[in-house]
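Below is one structure, written out as structure tokens, with a few remarks after it.
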Amino acid sequence: RSLNISGKKICIRNKMENYNNIFEEVDGKIRAMMTSKRYRHVIGVVETSSELAGIYGTDIEKCRIAAIFHDYAKQFTKAQIDKTIISHSVELDSLESESIQLSHSKLAAAIARNEYGIKDEDILNAIAFHTTGRAEMSELEKIIFVADSIEPGRKYPGVEAIREHAYCSLDKAILIIYKHTISYLLNSEHKIHPDSVIARNYFLDKSNEVNL
Ligand code: FE
Ligand code: FE
């Protein structure tokens with residue numbers, strides 16, 4: 001029995017060490033690849049998501065890994081984008097194919113899975129849906145989505161209110177983030193991804209149910 005217990009402990013420790021190694025490797029890679037402003041944003045998301053994970057009792061190691069990967073492909077060249085799509089058979093919908101603003105999330109998830117061996121579907125989904133969000137997000141997905149909008153480097157009118165909500169209710173913070181992002185997309189004549197619209201309606205319904 002004690003052998004089983006110690007065997008289990010070793011297994012858990014190895015998994016943690018693997019994540020640590022991957023974190024360090026990706027950290028070094030993106031530091032060299034990104035502008036310092038983008039890199040500071042990623043580290044901001046790592047720190048904010050860890051903090052939120054502590055508050056909500058979510059796995060901090062998973063948050064750190066999802067956060068360090070999330071914008072991996074944001075500054076890819078056209079050649080890097082094409083290479084990633086082909087080598088990992090990434091399936092993009094028509095809106096994602098038009099814009100790196102949307103596709104970078106899906107590309108980063110494919111790289112995490114295929115180049116770094118990340119198998120945890122929750123981590124991969126948190127990376128893949130960090131830009132649009134989606135209805136019925138897991139807690140990890142919500143934390144990455146929210147941290148991306150409120151990390152300390154984010155400065156826009158209203159960010160303080162979202163930060164305050166984030167520490168009491170992720171759902172409320174998400175609803176306000178959609179209000180900001182969807183208004184911005186409307187006002188700047190950009191297309192809106194259906195996942196964002198569906199998710200916004202879902203969180204609106206959820207908040208109305210709570211208020212009933
Ligand atoms: Fe992003
Ligand atoms: Fe980001």
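As the structure lists them, so they are numbered: ligands from 1, and atoms in each ligand from 1. Because only heavy atoms are used, hydrogens play no part in the values below, and waters and symmetry mates are left out as well, while side chains stay in. Quick note: residue numbers are just sequence positions, from 1.
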Assess the side chains of [X] and [Y]: does a donor N or O sit below 3.5 Å from an acceptor N or O?
X: Glu115; Y: His88; answer: yes
X: Tyr184; Y: Tyr156; answer: no
X: Thr131; Y: Ser105; answer: yes

Inset, instruction - Verify the ring-centre separation between Phe145 and Tyr178: is it less than 6.0 angstrom? - result: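 Yes, the ring of Tyr178 comes within the 6.0 Å limit of the ring of Phe145, centre to centre.
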Legend entry - Under 2.8 Å from the Fe ion (ligand 2), the protein N, O or S atoms, given as residue and atom: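 His41 NE2, His70 NE2, Asp71 OD2, Asp148 OD1, with waters left out.
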Inset, instruction - Hydrophobic side-chain clustering at under 4.5 Å (ILVMFWY, transitive links): who's grouped with Leu102? Put none if nobody. - result: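 Leu102 shares its hydrophobic cluster with Leu95.
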Legend entry - Name, closest N/O/S atom of His104 to the Fe ion (ligand 1):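 It is NE2, the N, O or S atom of His104 closest to the Fe ion (ligand 1).
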Legend entry - NZ or CZ of Lys106 within 45° of Phe129 ring axis and under 6.0 Å: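 Yes, Lys106 sits over the ring of Phe129.
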